[in-house]
Participant: 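This structure is in structure tokens; I'll ask about it shortly.
By convention in this document, chain letters (A, B, ...) are assigned in the order of the sequence lines, proteins followed by strands, and residues within each chain are numbered from 1. Heavy-atom basis, side chains included; hydrogens, waters and symmetry copies ignored.
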Protein chains: 2
Amino acid sequence: MGKKISASRVTADDVARAAGVSRSVVSRTFTKGASVSAKRRKLVLEAAEKLGYEPNIAARVLAGKASNVVGILTGPLLNPFLADLLDKLSDGLREAGFLPTLFKVDTASDAKSILPLIAQYHMVSTIVMGISPSAQISKFFSGQSQMPIILNLGVLRDVEAANISTDHFKGGMLAAQALLDGGARNPAVVTRQIEAGIYEERAAGFRYVLDQAGVQCTSLQVTEGSYQAGHEAMLRLSKSEKHPDAIFFGNDVMALGGLDALRIDLGLSVPGDVAVVGYDDIPSAALGAYRISTIRQPVRKLASMAVAAIVDFENSGAADLTTSMIAPAYVPRDTI
Amino acid sequence: MGKKISASRVTADDVARAAGVSRSVVSRTFTKGASVSAKRRKLVLEAAEKLGYEPNIAARVLAGKASNVVGILTGPLLNPFLADLLDKLSDGLREAGFLPTLFKVDTASDAKSILPLIAQYHMVSTIVMGISPSAQISKFFSGQSQMPIILNLGVLRDVEAANISTDHFKGGMLAAQALLDGGARNPAVVTRQIEAGIYEERAAGFRYVLDQAGVQCTSLQVTEGSYQAGHEAMLRLSKSEKHPDAIFFGNDVMALGGLDALRIDLGLSVPGDVAVVGYDDIPSAALGAYRISTIRQPVRKLASMAVAAIVDFENSGAADLTTSMIAPAYVPRDTI
DNA sequence: CTGAAAGCGCTAACAT
DNA sequence: ATGTTAGCGCTTTCAG
């Protein structure tokens, strides 16, 4: 019990000695674009292989090479949309040669305590997603020599960072149009209250199209984006004076809860009695028993743009703090 | 466009100068358990605060301090169970002062290419989860001076690593017992074929209890653990000679697909005509339209034990390569 | 308790 | 193309 693990590490000097060359040659061998004769390179590679040498990143970074680690400050991974985004992000980052390190927090206020930590690691970039970037975070960014990226948090005016996001206003518009096309006369929208205005943007786009069409809209705001919250919101909505015949849920998880309330608790038919649209297009939205019509976020595009921004930053040395809004798409299924 | 970001960093020397002390004092101030007079400590802290100093981790590690980064080699995060596990793991790791960095791969063979990368970072530990630890990975571990942890991959004989897992055999037993208690006469099990034997362990436990009870069991193996796979498996099962009246799906996602096949495609009632048990207890299993009876994996426990193992390793300097199997629990819902 | 000095392993001029 | 040298920012003896 308690197996001792060999702690000795093989250094470039060891390899140099074994290969009968200087340390520089070893370093160059492992630096792409450096000049080493084929003969010595082979010598070094063989020695390295035999000794099991791997360059020490800490030393490399300290010696002035850019670190290739990018921080990901994310909200709860129980959120299927975030998990998906993280998945795509790690793929993209890895392909581009970056190493994602995770700072997961449950609330925006948790994030504060993590900021100093992030600073210590001299990341190339840190990507913020799934939590509202408070003033605190914004201020932190402006003091760092790294590329700050805010991912999918909608329109943000006060943050100095590259802002890459789904166009949530547009998403809301698509939802409204779909519902209208489906014959909605009395729509409602349930949004979630969070610092970042993404749910509000969705709702605003929704109402905008409705206004244009001269249709009134009921709004309901809940504090969580959960199944429970969607369920309760639906029940509450059904008790209001004007029974809505079409509901736009701010995300799919809430739509799931709302649908169950509608069909199981209220005994209504969807889309017969009430039409429903969700948002995100998480896997559960496609489940046979739900098949929720929803607004699909461009996860892959979001991820690849974030990676591209970091690559650009490395090449140019300057952060391009542009805002990019990517249009989502309507996915028709069986709830409209 | 293209905002230049200030690249200058504040070093311990800067702080020392500003505080009128030597660099050593600054270092000690930031090393817990070092001796610095209250007066100078205050001086240093103030100067550090004013200049926005954060110790450079790369330098610290290079100078001999243990790195606090632990690698997580994980399978696809689209797997809700893995996402959940990762979520809990990052929380635990952070509380214990570790920094999780992510190596996400889609298949076990992808993992090979990542191994050298992991070596470069001199992690304290790396945790493998959601992919089958091939011989390649095993061999890699044995050469490293870090704590290797295999998380939730079942019984593994050939790997030199701490093995922390749900007791999948036990899980299978629970599933069988539940189905038997529900009156199953003609059960079936659908497992997934992967290198690591976890699905096979579940099925083995399942069959073991059935054998004891003198009940025959149909087995079906699929290549993916997806909704689609579960759906197709169910359809196939229904066409076989002996129509099963109880199905154990190797995971909840497959159970979801199977349930839809049962109710929507086959027009059968669950649990009236056929009983179903899943495995994992992912959020979707609890959805109103499904409410799958399932075997819940001890995610929190899994995560905390992994963290504890790393903490132990840091304290003792020796890796405790014990195998720990944690019992899952049966969660009765509406499909039995 | 404090400061001086010696590295940790690597890269990047700088001379060959 | 190669070797030599000087750091990167920090921790840690070692004297004082």
Participant: Consider the side chain of Ser24(B), meaning its heavy atoms from C-beta on, and name the nucleotide among dC1(C), dA5(C), dG9(D) that approaches it most closely.
Facilitator: dA5(C)

Participant: Taking atom types as modelled, is there a side-chain donor on Thr11(A) or Asp13(A) under 3.5 Å from an acceptor on the other?
Facilitator: no

Participant: Are the side chain of Asn68(B) and the backbone of Gly97(B) linked by a donor-acceptor contact shorter than 3.5 Å?
Facilitator: yes

Participant: How far apart are the closest heavy atoms of Ile118(A) and Met123(A), and which atoms are they?
Facilitator: O-CG, 3.9 Å

Participant: dT2(C), dT2(D), dC10(C): which one has an atom nearest the side-chain heavy atoms of Ser35(B)?
Facilitator: dT2(C)

Participant: Do any side-chain nitrogens or oxygens of Arg40(B) fall under 4.0 Å of OP1 or OP2 in dG3(C)?
Facilitator: yes

Participant: Please report, rounded to the nearest Å, how far the P atom of dT2(D) is from the NZ atom of Lys42(A).
Facilitator: 14 Å

Participant: From C-beta outward on Ala63(A), which listed nucleotide comes closest to its side chain: dA12(C), dT12(D), dG7(D)?
Facilitator: dG7(D)

Participant: What integer distance in Å separates Asp14(B):CG from dG9(D):C1'?
Facilitator: 10 Å

Participant: Rounded to whole Å, please give me the gap between CZ in Arg60(B) and C1' in dG9(D).
Facilitator: 11 Å

Participant: Whole angstroms only, please: what is the CZ-P distance between Arg23(B) and dG3(C)?
Facilitator: 12 Å

Participant: Roughly, in whole Å, what's the span from CG in Asp13(A) to C1' in dT5(D)?
Facilitator: 13 Å

Participant: dG3(D), dC10(C), dA4(C): which one has an atom nearest the side-chain heavy atoms of Val25(A)?
Facilitator: dG3(D)

Participant: Counting side-chain heavy atoms from C-beta on, which of dC10(D), dC10(C), dT2(D) comes nearest to Ser37(A)?
Facilitator: dT2(D)

Participant: Using the 3.5 Å cut-off, write out each protein N or O paired with an N or O of nucleotides 14-16 of chain D and the distance between them.
Facilitator:
none

Participant: Within the 4.0 Å heavy-atom criterion, would you say Thr11(A) contacts the bases, only the backbone, or no part of the nucleic acid?
Facilitator: sugar-phosphate

Participant: Going by an N to O cut-off under 4.0 Å, is there a salt bridge joining Asp14(A) and Arg17(A)?
Facilitator: yes

Participant: NA contact type, Tyr53(A), heavy-atom cut-off 4.0 Å: base, sugar-phosphate, or nothing?
Facilitator: sugar-phosphate

Participant: In Å and rounded to the nearest 0.5 Å, what is the OG1 to CG distance from Thr101(A) to Leu99(B)?
Facilitator: 4.0 Å

Participant: Expressed as a whole number of angstroms, how long is the span from His122(B):NE2 to dG9(C):C1'?
Facilitator: 9 Å

Participant: In whole Å, I'd like the distance from the OH atom of Tyr121(A) to the C1' atom of dG9(D).
Facilitator: 15 Å

Participant: Are the side chains of Thr74(B) and Phe103(B) in touch, meaning some heavy atoms are under 4.5 Å apart?
Facilitator: no

Participant: Drop me the distance from Asn152(B)'s CG to Ser165(B)'s OG, to the nearest 0.5 angstrom.
Facilitator: 4.5 Å

Participant: Given that Val61(B) and Val21(B) both sit by DNA chain C, which one's nearest nucleotide is further toward the 5' end?
Facilitator: Val21(B)

Participant: Can a side chain N or O of Lys65(A) be found less than 4.0 Å away from OP1 or OP2 on dA12(C)?
Facilitator: yes

Participant: Are OP1 or OP2 of dT11(D) and a side-chain N or O of Ser27(B) less than 4.0 angstrom apart?
Facilitator: yes

Participant: Ignoring hydrogens and angles, tell me if any N or O in the side chain of Gln146(B) forms a donor-acceptor pair with the backbone of Thr126(B) under 3.5 Å.
Facilitator: yes

Participant: Taking CD from Glu54(A) and C1' from dG9(C), how many angstroms apart are they, rounded to a whole number?
Facilitator: 14 Å

